[in-house]
Amino acid sequence: MQEDDKFALSGKSLAELTDFCRELGLPAFRARQIHSWIYSKWVSSTDQMTDLSQAIRDKLKQVATISKLKIAHLQISKDGTRKYLFELPDGKLVESVLMSFHDRPTLSACVSSQVGCAVGCTFCATGYMGFIRNLSAAEIVDQVMCIQRESGKRVANIVYMGQGEPLLNVEPVIESLAIMGESVGIGARHITVSTSGIVPGIRRLAQEKLQITLALSLHAPDIETRQEIVPITKKWGLPELMNSLRDYAETTGRRVTIEYVMLAGKTDSPEQAKMLADLTADIHCNINLIPYNPTRNPEGQLLYERPSLAAQQRFKELASRSGKTVTVRLERGTDIDAACGQLHNVFDQARKD
Ligand code: SAH
Ligand code: SF4
């Protein structure tokens, strides 16, 4: 069997592995053994599954492979952040990031949910790529497994903040959340899904009543600015969006996160800070300010600038006046373009070619 036609074991749920074994004429307990080799022992070859008979291992080798994500490139930042460029079986490229923080003992992985993104936010490198395709649940989960196998380190937190808009790929994302919990062993409270504000997706996710954190990329409290920088605002306006978020927090009982990108002269005025405080006052939320990370548009221009530290501080104080906790996001991996909004492999590749 061609490598491409083989069944990838990593990233699959126990139910999928059980179906796969049944098709091979193997009993369910074989699926549980394979599941444990993949998710507890992080094996990189079916040969390592030593409690399976040689005959079963030979059979598996013919029809299955551990993973179909190939590490095409790995960059390591001065701060230890690792950025993985994965090649998918169809040749498409996608990125994931492994981050460590000085004040936390655990590691966080940032995963992609799509190749490219259709939303087209004006400050985001992924947005410049346009939409290429959705990732399957297994392709999302396998990013974390590949990172663990490569680094030898256990990932404890996951953020869906890589390439793509998770809630425009909502069913596979929900499926992947279940596998992250049941198979990878990462509890819902250690997972954050970030969305640019896809109202039907927020309502769909609410039905699952998960204990994950939902983060909304709000970025502007006034409709004019938001329409300009997050174009889907034309489809789902601010009142509709804030209602869906309020309902989400009530249905799930979970505090949501409001993300706010600080673009100098565009989203960082004192008036906007006050509007942000008012807009979020009756929502059970924290606010996370993200100073803009430089990204070039396809013409090579830098469209925005990061506000000064003084302006960031002033904004933070005004935004917290309704009593919300407001934090400024610690950036990781800016030197290797691994920080928020800098994931844009197509351009990276084009520059190298
Ligand atoms: N599509 C989802 C998740 C991926 S982006 C979303 O938009 O929420 C993860 C976060 O990084 C989002 O809050 C996004 O707005 C932010 N971001 C994108 N480009 C950025 C940039 N250049 N500087 C800082 N943050 C950026
Ligand atoms: Fe897509 Fe999120 Fe980037 Fe906007 S910020 S273009 S939604 S990945």
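Each ligand, and each atom within it, is numbered from 1 in the order the structure gives.
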Please identify which atoms of ligand 1 are closer than 4.0 Å to at least one heavy atom of Thr295. 22 (N)

Between His219 and Phe123, is the ring centroid distance below 6.0 Å? yes

Under 4.0 Å between a Lys/Arg side-chain N and an Asp/Glu carboxylate O for Asp282 and Arg246? yes

Between Ile290 and ligand 1, which part of the residue brings a heavy atom under 4.0 Å of the ligand: side chain, backbone, both or neither? side chain

Which of Lys68, Lys92, Arg133 passes side-chain hydrogen bond (donor to acceptor under 3.5 Å, both in side chains) with Glu139? Answer is Arg133

List the closest protein heavy-atom neighbour of atom 5 (S) of ligand 1: residue, atom name, distance to the nearest 0.1 Å. Met161 O, 3.8 Å

What atoms of ligand 1 come closer than 4.0 angstrom to any heavy atom of Val261? 24 (C), 25 (N)

List the closest protein heavy-atom neighbour of atom 4 (Fe) of ligand 2: residue, atom name, distance to the nearest 0.1 Å. Cys121 SG, 2.3 Å

Mark up the atoms of ligand 1 that fall under 4.0 Å of a heavy atom belonging to Cys124, in ascending order. 18 (C), 19 (N)

Considering only the protein, which heavy-atom contact is closest to atom 14 (C) of ligand 1, and what is its distance? His219 NE2, 3.8 Å

Should Arg204 and Glu208 be marked as a salt bridge (charged side-chain N to carboxylate O under 4.0 Å, His left out) after you check the CA-CA gap, both sets of side-chain angles, and the distance that decides it? CA-CA 7 Å; Arg204 171 68 189 92; Glu208 296 291 309; 3.0 Å; yes

shortest atom 11 (O) of ligand 1-to-protein heavy-atom contact is with Cys340 CB, 3.4 Å

Relative to the heavy atoms of Glu165, which atoms of ligand 1 are at a distance of less than 4.0 Å? 1 (N), 2 (C)

With heavy atoms of Thr195 as the reference, note each atom of ligand 1 found under 4.0 Å away. 6 (C), 8 (O)

Give the minimum heavy-atom separation between Gln272 and Phe315, together with the two atoms involved. C-CE1, 4.2 Å

Side-chain contact test, heavy atoms from C-beta onward, threshold under 4.5 Å: evaluate it for Thr192 versus Ile212 and give yes or no. no

Contact summary for Thr267 and Thr225, nearest pair of heavy atoms: CG2-CG2, 4.1 Å

If you measure every N or O of Tyr292 against every N or O of ligand 1, does any of those distances drop under 3.5 Å? no

Paired with Thr46, the side-chain contact (heavy atoms from CB on, under 4.5 Å) test is passed by just one of Ile56, Val63, Ile38, Leu60, namely Leu60

Nearest-neighbour protein heavy atom for atom 12 (C) of ligand 1, which is reported as residue plus atom name and distance: Ser217 OG, 3.3 Å

Give me the nearest non-hydrogen protein atom to atom 10 (C) of ligand 1 as residue plus atom name, then the distance to 0.1 Å. Glu259 OE2, 4.0 Å

With heavy atoms of Gly127 as the reference, note each atom of ligand 2 found under 4.0 Å away. 6 (S)

Starting from atom 8 (S) of ligand 2, which protein heavy atom do you reach first, and at what distance in Å? Gly164 O, 3.7 Å

Determine, stepwise, if the pair Met49 / Ile34 fulfils side-chain contact (heavy atoms from CB on, under 4.5 Å). CA-CA 7 Å; Met49 300 182 175; Ile34 294 171; 4.1 Å; yes

Using a 4.0 Å cutoff against the non-hydrogen atoms of Gly120, which atoms of ligand 2 qualify? 6 (S)

Which word best sums up how the rings of Tyr39 and His35 line up, parallel for under 30°, tilted for 30 to 60°, or perpendicular for over 60°? tilted

Which protein non-hydrogen atom lies closest to atom 18 (C) of ligand 1, naming both residue and atom, and how far is it? Gly341 CA, 3.4 Å

In the structure I gave you, are the side-chain heavy atoms of Leu245 and Ile258 within less than 4.5 Å of one another anywhere? yes

May I ask you to list the atoms of ligand 1 that are less than 4.0 angstrom from any heavy atom of Gly162? 4 (C)

Please report which non-hydrogen protein atom sits nearest to atom 3 (C) of ligand 1, along with the residue it belongs to and the distance in Å to one decimal place. Ser194 O, 3.5 Å

For atom 1 (N) of ligand 1, the protein heavy atom that lies nearest, with its residue and separation: Gly164 O, 2.9 Å

Ser196 neighbourhood, listing ligand 2 atoms whose heavy-atom distance to it stays under 4.0 Å: 7 (S)

Single hit among Ser112, Cys124, Ser113 for side-chain contact (heavy atoms from CB on, under 4.5 Å) with Gln163: Ser112

Could you tell me whether atom 3 (Fe) of ligand 2 has an N, O or S atom of Cys124 under 2.8 Å away? yes

Is Asp51 salt-bridged to Arg57, cutoff N-O under 4.0 Å? no

Leu216 contact mode with ligand 1 (heavy-atom cut-off under 4.0 Å): neither

Specify the protein heavy atom at minimum distance from atom 1 (Fe) of ligand 2: its residue, its atom name, and the distance to 0.1 Å. Cys117 SG, 2.3 Å

Stacked cation flag Lys12 on Phe7, 6.0 angstrom / 45 deg: yes

Is it true that Ala215 lies under 4.0 Å from ligand 1, counting heavy atoms only? no

Min side-chain heavy-atom separation Asn157-Thr106 under 4.5 Å: yes

